[in-house]
Novice: 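My questions all concern the structure below.
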Protein chains: 2
Amino acid sequence: MRILVVEDDADLSRQLRDALKDVGYAVDIANDGEEGHHLGDTEPYDAVILDLGLPVIDGVSVLQKWRADGKKFPVLILTARDQWSEKVAGFDAGADDYLTKPFHTEELMARLRALLRRAAGHTTDTIDIGGLSVDNSSARAFVDGMSIKLTSHEFRLLSYMATHRGRVISRTELVEHIYDQDFDRDSNTIEVFVGRLRRKIGTDRIETVRGLGYRLVDPSETKAK
Amino acid sequence: MRILVVEDDADLSRQLRDALKDVGYAVDIANDGEEGHHLGDTEPYDAVILDLGLPVIDGVSVLQKWRADGKKFPVLILTARDQWSEKVAGFDAGADDYLTKPFHTEELMARLRALLRRAAGHTTDTIDIGGLSVDNSSARAFVDGMSIKLTSHEFRLLSYMATHRGRVISRTELVEHIYDQDFDRDSNTIEVFVGRLRRKIGTDRIETVRGLGYRLVDPSETKAK
DNA sequence: AGCGATATTCAGATTATGTTCAGGGGAAAC
DNA sequence: GTTTCCCCTGAACATAATCTGAATATCGCT
């Protein structure tokens, strides 16, 4: 999952980036409203964390523009304690959740997960696909109840495919959601990771759709062959 | 486990701090309601001991603010003998337990342990994980029935990981819950302690999840590789 | 068969984690 | 009050896991 953080306080944004990366998200940082708006406009984020008190363009305006443009990603806004009115304006502009500064990182993470899974139409943090179970809150995966050891990128890949189970996902989409801005996309890393994942969770769980991409499936449902 | 004590009586707070540290908690002290509120807002405590009769902001208000902000940590309130009404107000504001001053330290400790274990979803003070047994009431640990000699910080680490068994715990989270306020977080102390713990309880009980953190497991349950 | 697409394998680079050690500080013992 | 001992800390160094990109093999379609 790829997250955009729009926050002008350098300390806080660094802290957020570290924490988010720790949990296995790809993260981009924007330091002011303009940069933030532009990134949100051009990159396919899975969620955005948006401070409302921003230089250049304020957060509410950024959010309004995004929504006016039809951007759907969930947005979690951050407000200072006393900016109650801003918070309301933020919700009116299309925010999905808010958090008052200061906050505990753990709480932010929990809310973010809630947004991500709501956006994907799930109600829990764990996704089950025919014996394969992916737990986003603890970054673990199980096959038939047995814990599987996955590396950070392997889990990102699996997690993204799991939240979009059944859909064909292109290599490009995977790269965009698993890596952040600075990544050299031509290389076969995705194939390599898919290969490694298959070896760990079972070859038949990831279908290749020639020319389009991959699809995570429940092997027991796939009879036609 | 990291505890916040909000208490204006210097003697009492010092006594509490000593007692709590003896048992292996990390402890922060706040001397008035305002400081207490701020700490509870910004640091991730596992439990709070809150005197209701406080200068600057009274205890009930502090508690209300926390709960309004969504803070979930268990709170044990302290009241003077004759403040029955305050006690009720405290419960209404979201307290989890209370104690009337004066009280015996042992009773406070016992109630605190009860709160901590309830918060973690356990029903006893000792946690068993495949032959490893962690007893929070006596701050001891056993492997296959044999008592193990752990230093204070080793036990803190183990205890925290045990109450969150199976979950991956980041270095950051460990530092935040094992140390109190004044601690320089960049250093490799966590790795050092994990190393020492492993030597004492067995290497395979603490899994490292590269890029994320550590996880305490029952080695017999982890077969998949 | 031939072509483009996907898989697999591998090695070097990179980074995260492990280990060892010495000095300081504090508590207990004397 | 002094000594002793144990533990914590932080640094330096060693090791190990993972990522990446390329080279090579295989597949599936026309």
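Every chain is numbered from 1 and lettered A, B, ... according to where its sequence line falls, protein lines coming before strand lines. Quick caveat: nothing in here was measured; it's all calculated off a predicted structure.
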Novice: Is any NZ, NE, NH1 or NH2 atom of the basic residue among R2(B) and D180(B) found under 4.0 Å from an Asp or Glu carboxylate oxygen of the other?
Specialist: no

Novice: Going by heavy atoms in the side chains, are H122(B) and L116(B) under 4.5 Å from each other?
Specialist: no

Novice: Of all residues at least two apart in sequence or in a different chain, which pass the side chain to side chain contact (heavy atoms under 4.5 Å, CB included) check with R140(B)?
Specialist: S138(B), F142(B)

Novice: Is the distance from OP1 or OP2 of dA5(C) to the nearest side-chain N or O of Y214(A) less than 4.0 Å?
Specialist: no

Novice: Less than 3.5 Å apart, which donor and acceptor atoms pair up between the side chains of residues 156-163 of chain A and the rest of the protein, not counting sequence neighbours?
Specialist:
unit_1: R156(A); atom_1: NE; unit_2: G24(A); atom_2: O; d: 3.1
unit_1: R156(A); atom_1: NH1; unit_2: I178(A); atom_2: O; d: 2.8
unit_1: S159(A); atom_1: OG; unit_2: N136(A); atom_2: OD1; d: 2.8
unit_1: Y160(A); atom_1: OH; unit_2: E173(A); atom_2: OE2; d: 2.6
unit_1: Y160(A); atom_1: OH; unit_2: H177(A); atom_2: NE2; d: 3.4

Novice: Might you list the N or O atoms of the protein lying below 3.5 Å from N or O atoms in nucleotides 4-6 of chain D, with each pair's distance?
Specialist:
none

Novice: Do I29(B) and V27(B) make a side-chain contact, defined as non-hydrogen atoms from C-beta onward lying under 4.5 Å apart?
Specialist: yes

Novice: Can you tell me how far C1' of dT15(C) sits from NE2 of H153(A), to the nearest Å?
Specialist: 12 Å

Novice: May I ask you to decide whether K149(A) forms a salt bridge with E154(A), counting only side-chain N to carboxylate O separations under 4.0 Å?
Specialist: no

Novice: Could you check whether the side chain of R210(A) and the base of dC27(D) have a donor-acceptor pair of N or O atoms closer than 3.5 Å, going by distance alone?
Specialist: yes

Novice: Whole-Å distance between dG21(D) C1' and R171(A) CZ?
Specialist: 16 Å

Novice: Which one of L132(B), I129(B), V134(B) satisfies the side chain to side chain contact (heavy atoms under 4.5 Å, CB included) criterion with I201(B)?
Specialist: L132(B)

Novice: Identify which nucleotide among dG10(D), dG21(D), dT17(C) has an atom closest to any side-chain atom of S187(B), counting heavy atoms from C-beta outward.
Specialist: dG10(D)

Novice: Please state whether the rings of F193(B) and H153(B) are parallel, tilted or perpendicular, taking 30° and 60° as the class boundaries.
Specialist: tilted

Novice: Between V48(A) and V75(A), is there a side-chain heavy-atom distance shorter than 4.5 Å?
Specialist: yes

Novice: How many Å lie between CD1 on I190(A) and P on dC19(D), as a whole number?
Specialist: 12 Å

Novice: Can you tell me how far C1' of dT9(D) sits from CG of L157(B), to the nearest Å?
Specialist: 15 Å

Novice: In whole Å, I'd like the distance from the CZ atom of R156(A) to the C1' atom of dT18(D).
Specialist: 12 Å

Novice: With each end axis built from five pairs of C1' atoms, what bend angle do you get for the helix from dA1(C)-dT30(D) to dC30(C)-dG1(D)? Round to 10°.
Specialist: 40°

Novice: Taking atom C1' of dT20(D) as reference, at what distance in whole Å does atom OH of Y179(A) sit?
Specialist: 8 Å

Novice: With a cut-off of less than 4.0 Å, is there a side-chain N or O of S152(B) near OP1 or OP2 of dC7(D)?
Specialist: no

Novice: In Å, rounded to the nearest 0.5 Å, how long is the span from CG of D41(A) to CG of L4(A)?
Specialist: 11.0 Å

Novice: Round to a whole Å and report the spacing from CG of L197(A) to C1' of dA7(C).
Specialist: 14 Å

Novice: Which atom pairs link the protein and nucleotides 19-23 of chain C when you take only N or O atoms and keep those under 3.5 Å?
Specialist:
unit_1: dT19(C); atom_1: O4; unit_2: N188(B); atom_2: ND2; d: 2.8

Novice: Side chain of F193(A) only, please: which of dT18(D), dT20(D), dT9(D) is the nearest?
Specialist: dT20(D)

Novice: Which residues satisfy the ring-ring contact (aromatic ring centres under 6.0 Å, His included) test with Y98(A), sequence neighbours excluded?
Specialist: F91(A)

Novice: Does the distance from a Lys or Arg side-chain N to an Asp or Glu carboxylate O, for R171(A) and E191(A), drop under 4.0 Å?
Specialist: yes

Novice: Without decimals, in angstroms, what is the distance between L150(B) CG and dC7(D) P?
Specialist: 10 Å

